[in-house]
Number of protein chains: 4
Amino acid sequence: MIIILDEKKAEKKIAELKKIFNGQKQIFVNDNRVAIQGADVNELPADIVATAEIITDVPAAVQGSRLFHPQDTVIKTPHAVIGGAEFIMMAGPCSVESEEHVKKMAKVAKEGGAKIIRGGAFKPRTSPYSFQGLGEEGLKYLREAADENGMDMITEVMDDEHVEMVAKYTDIFQIGARNMQNFSLLKTVGKTNIPVALKRGMSATIDDLLNAAEYIVSEGNRQIMLLERGIRTFDNKYTRNTFDLGAVPVLKKLTHYPVIVDPSHAVGEWDLVTPMALAGAASGADGMIVEIHDEPTKALSDGPQALKPKTYLKMAQKVFEVHQVISKK
Amino acid sequence: MIIILDEKKAEKKIAELKKIFNGQKQIFVNDNRVAIQGADVNELPADIVATAEIITDVPAAVQGSRLFHPQDTVIKTPHAVIGGAEFIMMAGPCSVESEEHVKKMAKVAKEGGAKIIRGGAFKPRTSPYSFQGLGEEGLKYLREAADENGMDMITEVMDDEHVEMVAKYTDIFQIGARNMQNFSLLKTVGKTNIPVALKRGMSATIDDLLNAAEYIVSEGNRQIMLLERGIRTFDNKYTRNTFDLGAVPVLKKLTHYPVIVDPSHAVGEWDLVTPMALAGAASGADGMIVEIHDEPTKALSDGPQALKPKTYLKMAQKVFEVHQVISKK
Amino acid sequence: MIIILDEKKAEKKIAELKKIFNGQKQIFVNDNRVAIQGADVNELPADIVATAEIITDVPAAVQGSRLFHPQDTVIKTPHAVIGGAEFIMMAGPCSVESEEHVKKMAKVAKEGGAKIIRGGAFKPRTSPYSFQGLGEEGLKYLREAADENGMDMITEVMDDEHVEMVAKYTDIFQIGARNMQNFSLLKTVGKTNIPVALKRGMSATIDDLLNAAEYIVSEGNRQIMLLERGIRTFDNKYTRNTFDLGAVPVLKKLTHYPVIVDPSHAVGEWDLVTPMALAGAASGADGMIVEIHDEPTKALSDGPQALKPKTYLKMAQKVFEVHQVISKK
Amino acid sequence: MIIILDEKKAEKKIAELKKIFNGQKQIFVNDNRVAIQGADVNELPADIVATAEIITDVPAAVQGSRLFHPQDTVIKTPHAVIGGAEFIMMAGPCSVESEEHVKKMAKVAKEGGAKIIRGGAFKPRTSPYSFQGLGEEGLKYLREAADENGMDMITEVMDDEHVEMVAKYTDIFQIGARNMQNFSLLKTVGKTNIPVALKRGMSATIDDLLNAAEYIVSEGNRQIMLLERGIRTFDNKYTRNTFDLGAVPVLKKLTHYPVIVDPSHAVGEWDLVTPMALAGAASGADGMIVEIHDEPTKALSDGPQALKPKTYLKMAQKVFEVHQVISKK
């Protein structure tokens with residue numbers, strides 16, 4: 001249930017509601033809107049029922065819902081504003097391969113207009129025998145690469161025990177698709193004040209994704225962005241996944257969190273990335289994240305989808321142009 | 001197998017190959033490229049093996065493949081050029097509901113820059129008890145609406161027995177998603193010289209779609225365009241289908257046929273259509289087809305996805321702008 | 001809406017209802033149950049509203065629904081009873097390859113307890129260049145094979161224009177998965193009195209399947225059986241499709257038509273067929289259809305899934321045993 | 001690569017191979033079979049190349065592969081043998097709701113022939129606001145219920161930090177579908193010597209599942225069983241998931257781990273569970289796990305799919321009969 005109070009008397013009524021329900025039900029407050037989990041209209045005081053607007057059909061992921069929080073969430077990192085007027089470019093290598101390489105890629109990323117550098121230090125590999133990442137050493141190189149270029153850093157944290165360590169380096173936590181329902185991890189990053197980029201699971205419905213985000217915000221961390229990276233369907237011969245761009249306007253309608261698109265993992269082939277990046281920008285996304293590599297055939301992970309610097313620069317320029325076109329009134 | 005001959009001596013060698021294989025194997029010729037279905041390299045004359053480039057890994061849908069036909073197919077209808085430099089807009093009501101209504105919608109469509117009016121006279125309804133369309137009367141009204149506005153007409157033909165009748169009215173046959181593997185119907189329209197817009201089946205792989213197109217071209221009709229209209233996946237609560245825009249660059253790579261996108265059927269909700277139309281234009285499609293209606297709540301079919309005139313006009317303007325941005329060098 | 005009348009006064013009230021609605025609404029009668037398409041309760045006479053049980057939440061595919069027709073539909077062909085107490089085995093080659101071969105396979109089929117021989121004379125091939133079947137000649141051989149062994153015949157009819165010809169030979173029409181929504185074909189076979197085996201489309205929902213069946217019964221043919229043959233999902237590396245056995249009890253609950261399973265097309269590999277045939281029998285299906293071939297590597301179509309005679313005989317024996325176990329009280 | 005050595009000289013050659021590769025490549029030994037991750041044939045000694053059978057096309061999940069370990073893995077818990085000749089029944093409530101309830105359900109489970117009682121103390125709920133389980137208290141009650149009835153216990157462990165605690169109570173760890181790719185958790189349970197029941201993720205391919213199992217065995221724990229519980233597809237109106245029974249024979253072919261089926265989560269509705277349990281037994285599974293509850297409408301989780309005691313007892317009896325039929329030669 002969401003109660004939209006008259007703005008003038010909101011404070012008093014909010015106090016009243018907290019008194020009635022506190023301890024028994026979950027109560028969330030956003031300005032003049034109060035969400036009460038699992039409460040009935042007949043538990044409310046008569047004056048509120050009479051004067052307030054009450055919405056009963058409310059999703060479980062209530063704090064993430066625009067019914068509760070109509071205004072866009074805007075996330076500020078040291079060098080970027082995500083969810084605002086600007087289209088945010090995040091770019092970098094799939095894995096942090098070496099100090100030299102990630103610093104080289106950071107320069108390329110920056111040149112294309114990226115404000116955030118990506119790179120994996122802990123890699124979720126399908127096989128336990130594949131390269132698993134450089135670990136803390138990789139985080140260190142990525143941090144330096146970001147600092148040298150006046151950029152922010154985003155990197156994946158894969159388990160609870162690494163959250164504290166990764167927090168020392170990163171500006172944004174990335175939660176991988178396979179961990180979207182690792183509820184324990186979601187709660188742990190939810191207890192920090194570091195922005196979280198939550199990747200949609202490969203067969204997560206929109207509701208699954210929003211419920212996963214709710215695990216994060218339920219611990220107090222409101223700085224959440226959602227990542228569409230392709231879903232798993234029968235159509236998997238020519239593309240790694242099916243890029244579900246329809247999810248972008250659906251999410252922008254249902255939730256206030258910024259929506260980022262990841263064309264690299266969606267399509268899995270470098271020559272399909274640019275059209276999908278352009279489509280992603282045109283669909284209304286707040287930003288995108290893309291993998292780049294100067295020598296894709298030598299990449300330690302996901303080589304086939306990495307963009308060479310020249311391709312990346314052309315793609316980025318066009319993406320900003322498309323965003324400009326769809327943004328103007 | 002595809003044999004790429006030296007352009008100078010091509011004619012002579014093509015004659016040679018026809019002599020060897022004719023009657024036994026299917027042979028197709030495009031300029032200096034010869035495709036021979038089911039032949040082995042060791043059946044070829046030595047001089048051809050020595051001088052020509054031979055591609056053995058060739059898809060079954062060979063005539064549709066860029067390996068056989070590298071140049072884009074451009075389809076010319078009386079008022080439009082599909083697959084060329086211009087982005088083609090096709091718009092109109094889902095069904096032809098009445099003479100007055102379709103003519104009113106034709107004006108709106110034209111105003112938004114559409115060159116082709118759509119409308120269904122024979123509707124493929126999931127239930128046999130739903131409105132099935134106006135039949136030939138509907139074709140007549142749609143034809144008049146097109147003529148009055150200097151536009152071309154596209155309409156669905158649902159079975160073999162109606163092909164001849166629909167051919168008298170339409171500039172383009174549309175083959176619906178549910179009929180994508182109605183091989184009999186594909187062959188029948190393949191015998192005509194009317195362009196065919198082939199909709200991708202709701203769980204058709206890219207190869208299925210290309211093989212279906214091959215049924216059409218195998219009867220002689222080369223004027224084929226492919227329509228992406230969303231595929232069926234687990235993600236169906238907020239959108240009718242999953243709009244597979246990744247299919248656009250994949251198809252542009254594999255085949256020479258123009259690629260059209262249908263955001264209306266893909267998302268199923270009017271307020272999701274514009275972002276998906278923009279994304280479709282940005283993905284590199286050659287055109288789009290969209291449903292419009294002045295009073296969607298009263299539409300006889302697919303009301304929820306229809307765009308009101310004002311929304312359509314705004315969407316169309318932005319779509320052409322996006323296309324312009326991605327087209328320039 | 002379905003009205004369940006008091007059995008004593010049913011006849012009189014049915015006449016009353018027909019008088020009120022005839023010509024305007026579709027009315028269907030089964031014993032004391034009357035289904036009226038698209039009618040409102042307030043259009044009914046007061047006495048009926050007072051005395052009858054009225055179900056308003058009724059599927060579009062009303063004639064197929066157990067709410068309208070609670071009793072099982074039992075289909076009798078010259079040599080078999082489908083939908084009764086007995087588990088029906090249908091077996092045969094994928095394609096009728098030659099007179100000799102189909103007659104040889106008929107004997108094997110019979111030996112395993114099959115009462116119905118299958119074989120395709122018109123093959124729905126993904127590529128137009130593949131073997132398309134022997135046509136009428138194939139029908140003739142299959143008919144003779146059936147007659148020589150005291151069996152019935154089931155074969156696929158692929159388009160309207162062949163219905164009349166195939167009707168001269170077959171005991172059961174098979175409508176292929178790709179034609180499940182070929183509404184024209186469904187109506188044509190619906191006009192005959194030959195039983196129809198309707199294959200579920202590869203991405204047809206349960207409702208899609210029931211609606212397709214409704215197209216058949218809407219033309220008067222009540223002798224329909226439904227075939228589960230696997231659906232298309234992301235899981236397609238080791239099996240051709242995903243065998244959706246959950247559909248069997250769902251269909252037995254919702255509809256009165258017999259349910260047949262096709263493990264051959266579902267899994268696509270011969271060594272997976274037996275476990276799936278056993279599972280199909282255990283799931284409560286009324287019968288199964290399986291492909292057999294004495295030399296699968298030489299089969300003209302679908303070789304990998306064909307069972308050799310010895311495998312077939314062992315499988316069939318076990319299938320009947322499993323059916324016996326689950327049937328006893 | 002897998003090298004199958006002559007059994008007589010195996011020991012000596014194994015020592016030789018370990019000497020060559022140790023430290024550089026992963027080497028696994030099973031009897032006379034040696035698997036070497038990422039090695040080339042040309043790195044092998046000539047005598048081995050000459051005398052041994054070498055398989056190069058080997059899956060990444062090599063220790064789980066029958067190519068490496070042809071013999072079935074049989075897991076022995078105090079009261080059960082899983083993967084042997086006997087069909088193993090595991091039953092119990094979805095959640096441990098109270099001491100009284102779980103002990104009551106344990107008796108019912110036992111009566112139906114179950115040797116293992118299930119119950120969740122830590123529930124993976126889609127929403128953070130739902131009942132999350134009784135925690136350690138729940139583990140305690142489940143342990144007592146098991147002991148009172150001479151049964152073993154299986155329960156889900158959801159994160160690394162709880163592994164040690166759950167290990168004190170349970171005979172089998174269950175890893176939930178949403179955690180199938182929680183690689184950190186897989187490695188942690190892999191370090192224990194407690195059998196692990198790994199649930200297939202809702203859109204995990206067969207290879208994904210086997211690779212996840214490989215994470216467990218890579219840490220030394222060979223006691224793994226795989227659970228098929230339904231996959232996510234478009235077909236989700238009447239069933240919660242699509243029960244992929246085709247996966248059972250596929251897994252039995254590819255891997256040596258026991259395969260268990262979970263019809264409860266697959267279909268989500270109690271009246272569909274029995275047919276699917278029977279089908280699961282008929283498909284060749286080594287056992288099944290089912291949810292029971294005496295008052296499903298009052299269940300704290302997953303009420304709709306729970307079997308009442310009477311239904312469970314009937315189902316179990318039939319399941320054992322079906323297993324008997326398919327097991328005899």
Side-chain angles (χ1 to χ4, degrees), chain C residues 200 202-210 230-254 261 263 266-269 271-285 314 317-329, chain D residues 200 202-210 230-254 261 263 266-269 271-285 314 317-329:
Chain C
R200 179 185 185 185
M202 59 184 72
S203 73
T205 60
I206 299 289
D207 286 349
D208 285 340
L209 174 58
L210 295 175
I231 55 174
R232 183 160 271 184
T233 73
F234 67 84
D235 187 32
N236 49 23
K237 177 177 177 180
Y238 297 102
T239 50
R240 193 169 167 177
N241 293 287
T242 300
F243 202 20
D244 185 13
L245 285 177
V248 177
V250 168
L251 287 170
K252 296 302 289 176
K253 193 163 68 165
L254 296 175
V261 291
V267 289
E269 301 279 330
D271 59 347
L272 302 175
V273 173
T274 296
M276 288 301 96
L278 299 175
S283 72
K314 269 204 270 186
Q317 179 177 14
K318 275 267 182 267
V319 159
F320 286 118
E321 281 179 43
V322 168
H323 181 258
Q324 203 166 8
V325 164
I326 68 153
S327 305
K328 59 183 194 193
K329 299 293 158 202
Chain D
R200 179 183 186 186
M202 59 184 72
S203 71
T205 60
I206 299 288
D207 286 349
D208 286 340
L209 174 58
L210 295 174
I231 55 174
R232 183 161 271 184
T233 72
F234 68 86
D235 188 32
N236 49 24
K237 178 175 177 181
Y238 296 102
T239 50
R240 191 170 169 177
N241 294 287
T242 299
F243 202 21
D244 185 14
L245 285 176
V248 177
V250 167
L251 287 169
K252 296 301 289 175
K253 193 164 68 165
L254 295 176
V261 292
V267 290
E269 301 279 330
D271 60 346
L272 303 175
V273 173
T274 296
M276 288 302 96
L278 298 175
S283 72
K314 270 204 272 188
Q317 180 178 14
K318 275 267 183 265
V319 159
F320 286 118
E321 284 182 39
V322 168
H323 180 259
Q324 204 167 8
V325 164
I326 67 149
S327 305
K328 59 183 195 194
K329 299 293 157 203

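Any value given below was found using the heavy atoms of this structure, including those in side chains, with hydrogens, waters and symmetry copies removed. Quick note on labels: first sequence line is chain A, next is B, and so on, each numbered from 1.
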| Donor-acceptor pair, side chain of D/Lys318 and main chain of C/Val325, under 3.5 angstrom | yes
| request: For chain C, find which of D/Thr205, D/Leu272, D/Val267 contributes the most heavy-atom pairs closer than 4.5 angstrom. | output: D/Leu272
If you take all heavy atoms of [X] and [Y], which pair is closest and at what distance?
{"X": "C/Phe234", "Y": "D/Arg232", "value": "CE2-O, 3.7 Å"}
{"X": "C/Pro275", "Y": "D/Pro249", "value": "CG-CB, 3.7 Å"}
{"X": "D/Ala282", "Y": "C/Ala282", "value": "CB-CB, 3.7 Å"}
{"X": "C/Ser283", "Y": "D/Met276", "value": "CB-CE, 3.7 Å"}

| field | Test side chain to side chain contact (heavy atoms under 4.5 Å, CB included) applied to C/Thr242 and D/Ile231, D/Asp235, D/Leu245, D/Thr233, the passing residue | value | D/Ile231
| message | Under a 4.5 Å cutoff for heavy-atom pairs, which residue among C/Val248, C/Thr274, C/Asp244 has the most contacts with chain D? | response | C/Asp244
| note | Cut-off 4.5 Å, heavy atoms of chain C, and the answer for D/Ala204 is backbone
| query | Under a 4.5 Å heavy-atom cut-off, does chain C meet the side chain of D/Ser203, its backbone, both or neither? | reply | both
| task | Can you measure from CG (D/Leu278) to CG (C/Leu278) and round to the nearest 0.5 angstrom? | result | 12.5 Å
| query | Would you say D/Lys237 and C/Asp207 make side-chain contact, with heavy atoms under 4.5 Å? | reply | yes
| said: Would you say NZ of D/Lys314 has more than 12 non-hydrogen atoms from neighbouring residues, nucleotides or ligands within 6.0 angstrom? | reply: no
| field | Salt bridge C/Lys328-D/Glu321, side-chain N to carboxylate O under 4.0 Å | value | yes
| What part of C/Thr239 is in contact with chain D, defined as an atom under 4.5 angstrom from a non-hydrogen atom: side chain, backbone, both or neither? | side chain
